[in-house]
Amino acid sequence: MTTRVLVTGGAGYIGSIVTEQLIARNRQAVVLDDLSTGHRAAIPEGAQFVRGGIGDRAALKEIFGGPPIDAIVHLAAFALVEESVANPDKYRANNVVAARVLLDAAVAAGVRRFVFSSSCTVYGVPRAVPIPEDAPMAPMSPYGETKLEFERVLGEYAARHTLSSVSLRYFNAAGASDERGEDHDPESHLIPNVLAVALGKRAAVDIFGIDYPTPDGTAVRDYIHVDDLADAHVRALDIPPNGGGAIALNLGTGQGSSVRQVVDMARRITGHAIPSTDRPRRAGDPPALVAAPQRAAAVLGWRPRRSSLDEILGSAWRWHRAHPRGYRT
């Protein structure tokens with residue numbers, strides 16, 4: 001069993017909850033984060049914190065010069081699709097070039113297990129849903145391209161070094177743990193923006209696209225509770241290495257919910273009207289993204305436990321009401 005784990009991006013939404021679960025399962029966690037988008041207050045008590053980016057050689061030397069790191073969970077990436085279109089060089093510099101600096105340092109330090117936060121954006125517009133892992137790869141943004149490129153880098157390293165990697169292709173992470181939730185600036189995700197209307201922070205929620213070939217005309221996505229997502233990362237750390245190799249797994253439920261379904265459920269849970277405004281489609285948004293999750297079930301022994309839409313929205317609503325300014329005090 002891996003015991004000492006480096007979590008890059010551990011001050012972020014998903015990274016902080018992965019760290020929370022590692023500590024709860026008696027693992028030692030080291031968090032590397034430059035706090036450019038994460039929050040110091042999100043890092044769980046008991047984790048060692050090193051401030052720096054994944055390409056920061058001094059920070060990496062500090063980490064790998066200490067007690068041995070058994071494994072890495074790598075979540076430190078820029079992740080805004082629209083920003084990646086406007087500034088693709090920024091995304092490649094961090095998500096691929098700097099990530100290779102981290103990877104080289106890990107290999108030199110003898111790390112043999114690497115879990116990578118990938119994305120369903122590697123598929124682009126799928127030919128069919130649910131989407132299996134062997135579906136064609138056709139990312140539609142520089143963000144998705146960087147995720148796919150780094151997956152391929154991991155495959156190259158698996159062939160050249162005794163490194164085992166698991167790339168976890170997230171679908172739509174959502175919800176909150178009891179203590180940690182979603183606090184982005186800007187916020188691009190549907191659920192916190194819907195709840196912001198209920199909290200009086202926004203006048204209405206924008207619905208981008210009402211003419212998709214879906215049952216109600218709005219885009220369909222596969223929402224997965226962040227606690228379930230974090231559980232998959234911890235399980236991925238314990239796959240027998242078998243001398244190296246690289247695999248990719250979808251993390252989703254296999255069930256899709258439309259934008260209108262999310263808004264309607266939020267109205268029921270919050271008791272607020274939540275006005276909505278219909279907008280044109282955004283370029284590059286697929287009609288439907290739903291995971292085929294069978295491989296993750298077989299490889300990790302993993303199944304979502306908290307990912308019903310009402311539980312996702314209920315947990316997020318509780319957290320946002322308790323933290324109306326997020327992690328800012």
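Just so it is clear, the values below take in all heavy atoms, side chains as well, and ignore hydrogens, waters and symmetry mates.
Within the 4.5 Å cutoff, the side chain of S307 has heavy atoms near those of the I224 side chain. Contact check for S118 versus L168: no side-chain heavy atoms found under the 4.5 Å cut-off. Residues R306 and S315 form a side-chain contact, since some pair of their non-hydrogen atoms from C-beta on lies under 4.5 Å apart. Between V259 and Y212, every side-chain heavy-atom pair lies at or beyond the 4.5 Å cut-off. Side-chain contact between C120 and N250 is absent, with no heavy-atom pair separated by less than 4.5 Å.
Of the possible polar contacts, one joining the D216 side chain to the T218 backbone as a donor-acceptor pair under 3.5 Å is found. At least one donor-acceptor pair closer than 3.5 Å links the side chain of W319 to the backbone N or O of E179. Here the side chain of H39 pairs a donor or acceptor atom with the backbone of D183 at under 3.5 angstrom. At distances below 3.5 Å, at least one donor-acceptor pair connects side-chain atoms of D70 with backbone N or O atoms of R4. In this structure, the side chain of R295 engages the main chain of A248 through a donor-acceptor pair within 3.5 Å. Side-chain N or O atoms of Y143 include none that pairs as donor or acceptor with a backbone N or O of V85 at under 3.5 Å.
Around atom CZ of R160, more than 12 heavy atoms belonging to other residues, nucleotides or ligands sit under 6.0 Å away. Heavy atoms from other residues, nucleotides or ligands lying under 6.0 Å from CG of D178 number 12 at most. The local environment of CD in E187 is crowded, with over 12 non-hydrogen atoms from other residues, nucleotides or ligands closer than 6.0 Å. No more than 12 heavy-atom neighbours from other residues, nucleotides or ligands sit within 6.0 angstrom of CD on E82. The environment of R321 atom CZ is dense: over 12 non-hydrogen atoms of other residues, nucleotides or ligands sit within 6.0 angstrom.
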Starting from the C-alpha separation in whole Å, work towards a yes-or-no answer on side chain to side chain donor-acceptor pair (under 3.5 Å) for Y157 and D104.
CA-CA 9 Å; Y157 274 65; D104 286 335; 2.4 Å; yes

Can you list the steps and then say if R260 with I210 is a side-chain contact (heavy atoms from CB on, under 4.5 Å)?
CA-CA 9 Å; R260 289 209 191 280; I210 59 170; 3.4 Å; yes

Passes side-chain contact (heavy atoms from CB on, under 4.5 Å), R281 versus F208? Steps please.
CA-CA 5 Å; R281 296 187 192 186; F208 294 100; over 6 Å; no

side-chain contact (heavy atoms from CB on, under 4.5 Å) between H225 and D231, worked out
CA-CA 10 Å; H225 197 289; D231 175 54; over 6 Å; no

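With values rounded to the nearest 0.5 angstrom, L103 atom CG is found 7.5 Å from R100 atom CZ. Taken from OH in Y13 to CG in L75, the straight-line distance is 12.5 Å, to the nearest 0.5 Å. Expressed to the nearest 0.5 Å, how far CZ of R169 lies from CD of E151 amounts to 4.0 Å. In this structure, CG in N172 is found 7.5 Å from CG in D222, a value given to the nearest 0.5 Å. If you take CG on L102 and CZ on R57, they are separated by 11.0 Å, rounding to the nearest 0.5 Å. Atom OG1 of T8 is separated from atom CZ of F114 by 6.5 Å, given to the nearest 0.5 angstrom.
Residues R305 and D227 are not paired through a salt bridge, judged by the lack of any N-O separation under 4.0 Å between the basic side chain and the carboxylate. Salt bridge status for D238 with R27: present, with a side-chain N to carboxylate O gap under 4.0 Å. Between E83 and K90 a salt bridge is recorded (basic side-chain N to carboxylate O distance below 4.0 Å). The existence of a salt bridge linking R267 and D264 is confirmed by a sub-4.0 Å separation between a basic side-chain nitrogen and an acidic carboxylate oxygen.
The two residues I72 and A106 come nearest to each other via the heavy atoms CD1-CB, 3.4 Å. Heavy atoms only, all atoms of each residue included: S177 and V226 are closest at N-CG1, 4.3 Å.
Tested against V50 for a side chain to side chain contact (heavy atoms under 4.5 Å, CB included), the candidates D33, D56, D34, L32 yield a single pass: L32.
Note: H233 and Y170 meet the aromatic proximity criterion, with ring centroids under 6.0 Å apart.
Following chains of ILVMFWY side-chain contacts shorter than 4.5 Å, one cannot reach L22 starting from F49, and the two form parts of different hydrophobic clusters.
Ring pair Y91/F78 is tilted by interplanar angle, where 30° to 60° counts as tilted.
For the residue pair H189 / E182, a side-chain donor-acceptor distance below 3.5 Å is found, with atom types taken as modelled.
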